[in-house]
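First comes the structure, then the notes that go with it.
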Amino acid sequence: MGFSNILFLWASILPLIVLLYYFFRKKYKDQPISSTIFWEEVMQETKASPYLKHLQKNALLYLQLLALILFVLALMNPFIKTKEIAGEQSIWIVDTSATMLAGQTFAQHKEEMKSLASEFTGQPLTIITTGDEPKTIIRQETDSSAIHKAIDSLEVTYEEEQLIKAIDVAQAYVGETATSIYLFTDSVERGELPISSEQIKWIVKGASKDLQNVSIKRFAATSIGEEALALIQLKNETDEKKQVELILQDSEGRVIVEEGIALKEQEEMTKTFEKLPLTESLFATIQVEDDYEVDNSMVTILGNNLSQIVIDQQMHQLVQKGFQALNAEVKLVPSDQLATIKEALIVTNQVALLGKTDSPLILIGRDDELSEEVNSLVDVSEDALFAFSNLEDVYVNSVYPGFDQFETIATIGEMPFIQRSSKGDIVILADIQSTDWPLHPSFPLFLWSLQNELLEGTTSLGTFSPNESRGVSLAAGDWSIYSKDDEYISSFENANQFKAPTKPGLYTVRSNEEEKLLIVQLSENEREIKEGTSFELGTVQNKGNEESSKKSIIIWLLIPILLLLVIEWEVQRRRGFTN
């Protein structure tokens with residue numbers, strides 16, 4: 001607190017004058033005297049009374065002194081220093097990743113944003129949220145109601161923060177303007193912030209300290225015959241021993257494993273569960289006292305444990321190179337050894353292997369028939385394999401005869417070109433060297449669709465990060481996404497524009513004729529929390545504006561002064577003005 005008009009301190013003499021007035025003020029009161037003989041004695045007693053007696057039981061004196069003291073303070077114009085947002089504009093980068101839910105960090109940051117917004121003095125505000133694609137919520141906004149509305153609309157998106165992208169967007173808005181950038185996150189290192197510009201001041205608001213977390217780091221399951229095998233990895237990030245209750249449930253919600261586990265401080269434990277009942281999906285949940293619940297659950301779809309691609313050595317090198325560009329786990333195997341291959345995707349031209357192996361098969365060409373010359377365009381159906389592959393411009397010189405019992409999904413004229421068996425194997429009825437297909441972008445895209453369908457299975461789209469956008473192998477049509485509890489989430493038509501839901505969990509993608517599962521899973525970085533950090537970095541040249549402002553409180557003195565004057569008037573009225 002301070003005074004801007006200290007020269008008016010001389011006015012403090014006014015209360016002293018009033019005080020002296022009351023010292024020497026003659027005050028009379030009615031007093032009956034039995035005789036004039038005693039008049040002189042009574043007057044002497046009155047004159048002998050101490051001066052302080054004039055101040056006793058005198059409400060009017062105290063009211064006047066208090067009013068004058070407040071009046072003198074008002075003349076000196078008292079003020080209090082308030083902190084002001086530095087710079088000519090302000091940019092807020094708001095972390096909306098899942099870890100912001102630890103310890104109510106996100107809710108606390110929103111309250112702090114509202115408090116800061118109330119201190120704005122006309123400076124424009126820009127709010128940017130993090131994620132794979134940072135979003136600008138408001139830009140150069142000065143209206144207080146619009147700012148508070150934008151703050152209320154902020155929600156956690158569960159995406160990985162990717163602060164670098166949001167910082168790049170913020171710096172693009174800075175230009176040559178002095179700017180204060182507030183970063184509302186859980187934790188960030190000083191070295192991650194660019195400090196080369198003198199036009200930027202960084203204010204980092206971190207999470208609360210001493211947050212505790214126990215998480216499920218990894219969870220996977222696979223089918224082995226008529227049983228399932230599950231593997232789970234738990235991590236205790238705290239410095240104390242934690243008691244964890246682990247629960248595994250099948251796709252129907254039935255509990256199949258319930259076990260208490262003691263985790264030591266900073267311990268990472270891996271457990272394997274064998275001979276579990278076969279189910280479509282498995283849910284893992286841990287019950288533990290910590291500050292972050294989002295990473296206490298995980299779901300997996302039982303896969304066929306296929307990841308490797310085996311290619312017949314006789315196949316053309318273009319086929320080999322095509323798959324190697326998509327998958328690192330590609331092996332070349334002699335033709336006579338393919339029949340013994342298990343748990344791998346086989347690419348060959350040996351018709352004898354169709355139906356003779358449990359592994360999925362891609363047949364490119366045939367070794368038991370002669371090809372016939374064709375002269376027509378390729379026509380594809382609305383199959384999911386062609387979601388990204390347009391084969392209209394592909395030239396095919398010759399094709400082999402098709403299989404009568406197989407489903408034809410692409411034709412050349414009236415002849416089959418690509419077929420699917422009842423088991424799900426894919427047959428391409430032409431040698432790659434007899435086409436110009438490898439010269440077209442549709443070739444690697446078609447191979448990717450094959451790999452996606454045959455390795456991950458026809459009942460699952462795979463695992464996605466929250467809000468992840470990527471193409472999926474789905475036929476054109478109306479598709480809808482539903483949660484595990486059959487709650488509608490969203491719809492889409494174009495498989496290229498598929499976007500995963502926000503919250504982690506198991507979802508179903510449905511059309512009129514087909515249904516597939518998909519998993520939305522937190523990234524590994526979002527399954528651990530870091531110690532919160534708050535700090536300021538850099539300075540801003542405000543071009544005349546200071547970071548702190550003087551807020552006058554004279555209005556809070558004028559109100560009691562007026563109130564005291566009213567009370568004085570009432571006291572004087574009751575006592576009588578003549579008295």
Side-chain angles (χ1 to χ4, degrees), residues 81-97 100 105-106 109-157 159-207 467 469 532-551:
K81 289 186 178 181
T82 58
K83 193 171 183 181
E84 196 176 65
I85 305 299
E88 300 175 57
Q89 69 169 337
S90 183
I91 298 177
W92 293 354
I93 300 176
V94 183
D95 186 350
T96 56
S97 61
M100 296 297 290
T105 301
F106 194 71
H109 281 345
K110 289 181 70 171
E111 291 301 319
E112 191 165 4
M113 291 178 212
K114 293 179 181 178
S115 177
L116 284 172
S118 63
E119 298 177 6
F120 278 179
T121 56
Q123 294 156 306
L125 171 66
T126 300
I127 299 180
I128 303 169
T129 56
T130 62
D132 185 57
E133 298 179 358
K135 295 181 180 178
T136 302
I137 307 301
I138 55 174
R139 183 176 181 186
Q140 296 289 304
E141 184 61 65
T142 57
D143 183 60
S144 178
S145 60
I147 292 174
H148 280 82
K149 185 177 180 181
I151 295 173
D152 290 332
S153 68
L154 295 174
E155 293 182 349
V156 171
T157 61
E159 294 184 56
E160 195 168 345
E161 57 191 28
Q162 302 195 43
L163 285 177
I164 300 301
K165 292 184 178 181
I167 289 173
D168 289 341
V169 174
Q171 287 187 301
Y173 290 154
V174 172
E176 299 298 325
T177 306
T179 307
S180 59
I181 301 182
Y182 283 75
L183 180 52
F184 297 93
T185 183
D186 48 359
S187 178
V188 63
E189 298 296 331
R190 295 173 183 264
E192 298 180 42
L193 304 179
I195 56 174
S196 56
S197 175
E198 296 182 357
Q199 299 293 330
I200 300 176
K201 178 177 181 179
W202 294 92
I203 302 97
V204 176
K205 304 291 184 179
N467 296 312
S469 296
T533 51
S534 297
F535 57 88
E536 296 185 9
L537 198 62
T539 57
V540 170
Q541 300 296 329
N542 274 0
K543 297 182 181 180
N545 296 327
E546 298 180 355
E547 282 192 35
S548 60
S549 63
K550 298 177 181 179
K551 186 175 182 181

Next item on the list: Just jot down the salt bridge (Lys or Arg N to Asp or Glu O under 4.0 Å) partners of D168, sequence neighbours excluded, or say none.
Entry: none
Checklist line | Partner set under side-chain hydrogen bond (donor to acceptor under 3.5 Å, both in side chains) for S118, not counting sequence neighbours | finding: none
Distance-only check: which donor-acceptor pairs under 3.5 Å involve side-chain atoms of residues 187-194, not counting sequence neighbours?
unit_1	atom_1	unit_2	atom_2	d
S187	OG	E531	O	3.0
E192	OE2	E189	N	3.3

Next item on the list: List for me each residue that meets side-chain hydrogen bond (donor to acceptor under 3.5 Å, both in side chains) alongside S534, sequence neighbours excluded, and say none if there are none.
Entry: none
Note to self: I'd like to check the side-chain hydrogen bond (donor to acceptor under 3.5 Å, both in side chains) partners of T185; sequence neighbours left out, ordered by chain and number.
What the structure shows: D95
Checklist line | Listed partners of S469 passing side-chain contact (heavy atoms from CB on, under 4.5 Å), at least two apart | finding: K499
Next item on the list: Return each pair, listed once, that meets salt bridge (Lys or Arg N to Asp or Glu O under 4.0 Å) where at least one residue sits in residues 136-145; pairs must be two or more places apart or across chains.
Entry: none
Next item on the list: Could you pull out all residues at least two apart from E159 that satisfy side-chain hydrogen bond (donor to acceptor under 3.5 Å, both in side chains)?
Entry: N467
Next item on the list: With sequence neighbours excluded, tell me which residues meet salt bridge (Lys or Arg N to Asp or Glu O under 4.0 Å) with E155.
Entry: none
Checklist line | salt bridge (Lys or Arg N to Asp or Glu O under 4.0 Å) partners of K110, counting only residues at least two apart | finding: none
Next item on the list: Could I get the full list of side-chain contact (heavy atoms from CB on, under 4.5 Å) partners for A207, not counting sequence neighbours?
Entry: T105, D186, L211
Margin query: Suppose we screen for salt bridge (Lys or Arg N to Asp or Glu O under 4.0 Å). Which residues come up paired with K165, at least two apart in sequence or across chains?
Written below: D132
